[in-house]
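Let me begin by presenting the structure, written as structure tokens, before commenting on it.
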Amino acid sequence: MAGPGQPQAIDAALGELYPDADCELDFTSPLELLVATVLSAQSTDRRVNAVTPALFARYPDAAAYAGADVAELEALITPTGFFRAKAGHLIGIGAALDERFDGAVPGTLADLVTLPGVGRKTANVVLGNAFDVPGLTPDTHFIRLANRFGWVASTKPDAVEQAVGELFPPEDWVQLSHRVIWHGRRRCHARRPACGVCPLEGLCPSYGEGPTDPAVAATLVREPRG
DNA sequence: ATCCCGAGGG
DNA sequence: CCCTCTGGAT
């Protein structure tokens, strides 16, 4: 089997490259992680972590979000982008948690995706990092790299989650997601993958499709905390 | 200019 | 499938 290569070997190599790969959002409860993850949509961890301390202090529980003043909430989350949609989502989440989940964040995929602003990707982040429920996170990076690695040809999140899930045991899914996503953000970019500073030569079917001169590739690496 | 660990709506 | 929503970093 030439195409998929050895998934375990790729995961191991990424584990050596990113030994500290984890969720970069700051949170101390499932609700905080849920809120931070909703704010992360098309944003960055740095910008989210910059606003969450004040946000969490102002809105300590679901009821606080449900009763929030829209303008005040929008002002607090403005730097994360898409603030109007996100503010509406957070207020809707607060109301939904109070009405249907006794004020607590539900710990199942089926329940989480019924919340406004929460899709499959956001739900899996919350499940994997706040509830220790095994789950893959098929975001844009994960899908792109799963395609490049030859693990699956489809670009649809459901198909990617299914196919990759069969290549790895559930206990690996959360860590695998973080490693693959970190690699997508730091080296294996959409437009110019930095193959020259990637350890997957001989393992990745797409190796060499980006700059392979180490000096050039090094200029493309995005360091952490961005 | 281009991208960001997306989601909702048409 | 398409489109829109947003500010910030590079």
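Note on naming: letters A, B, ... go to the chains in the order of the sequence lines (proteins, then strands), and numbering restarts at 1 for each one.
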Starting at [atom1] of [X] and ending at [atom2] of [N], how long is that distance when rounded to a whole Å?
X	N	atom1	atom2	value
N129(A)	dC5(B)	CG	C1'	11 Å
L220(A)	dA9(C)	CG	P	21 Å
K121(A)	dC5(B)	NZ	P	12 Å

Besides L220(A), the hydrophobic cluster formed by Ile, Leu, Val, Met, Phe, Trp and Tyr side chains linked at under 4.5 Å, directly or via other members, contains none
Quick one: name the residues clustered hydrophobically with V197(A), using the 4.5 Å side-chain heavy-atom rule over I, L, V, M, F, W, Y, and just say none if it's on its own.
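Reading the cluster by chain and number, V197(A) sits alongside V221(A).
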Could I get the full list of side-chain hydrogen bond (donor to acceptor under 3.5 Å, both in side chains) partners for T219(A), not counting sequence neighbours?
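With neighbours one apart ignored, the set is empty.
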For Y207(A), all residues meeting side-chain hydrogen bond (donor to acceptor under 3.5 Å, both in side chains), sequence neighbours excluded
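Partners of Y207(A) under the side-chain hydrogen bond (donor to acceptor under 3.5 Å, both in side chains) test: none.
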Distances under 3.5 Å between nitrogen or oxygen atoms of protein and nucleotides 2-6 of chain C:
unit_1, atom_1, unit_2, atom_2, d
dT6(C), OP1, R84(A), NE, 2.7
dT6(C), OP2, R84(A), NE, 3.2
dT6(C), OP2, R84(A), NH2, 2.7
dT6(C), O4', F82(A), N, 3.2
dT6(C), O2, F82(A), N, 3.1

Strictly by salt bridge (Lys or Arg N to Asp or Glu O under 4.0 Å), give each pair with a member in residues 56-71 of chain A just once, sequence neighbours left out.
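Residue pairs with at least one partner in residues 56-71 of chain A: R58(A)-E72(A).
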Show the distances under 3.5 angstrom between N or O atoms of the protein and N or O atoms of nucleotides 8-10 of chain B.
unit_1, atom_1, unit_2, atom_2, d
dG8(B), OP1, G117(A), N, 2.8

Check whether any side-chain heavy atom of N49(A) sits under 4.5 Å from a side-chain heavy atom of T52(A), and report yes or no.
yes
Give the table of side-chain donor-acceptor pairs shorter than 3.5 Å for residues 115-123 of chain A, with sequence neighbours excluded, one pair per line with atom names and distance.
unit_1, atom_1, unit_2, atom_2, d
R120(A), NE, E161(A), OE1, 3.3
R120(A), NH1, D158(A), OD1, 3.2
R120(A), NH2, D158(A), OD1, 3.1

Pairs where residues 57-87 of chain A contributes a residue and the test ring pair (Phe, Tyr, Trp, His ring centres under 6.0 Å) is met, not counting sequence neighbours
Y59(A)-Y65(A)
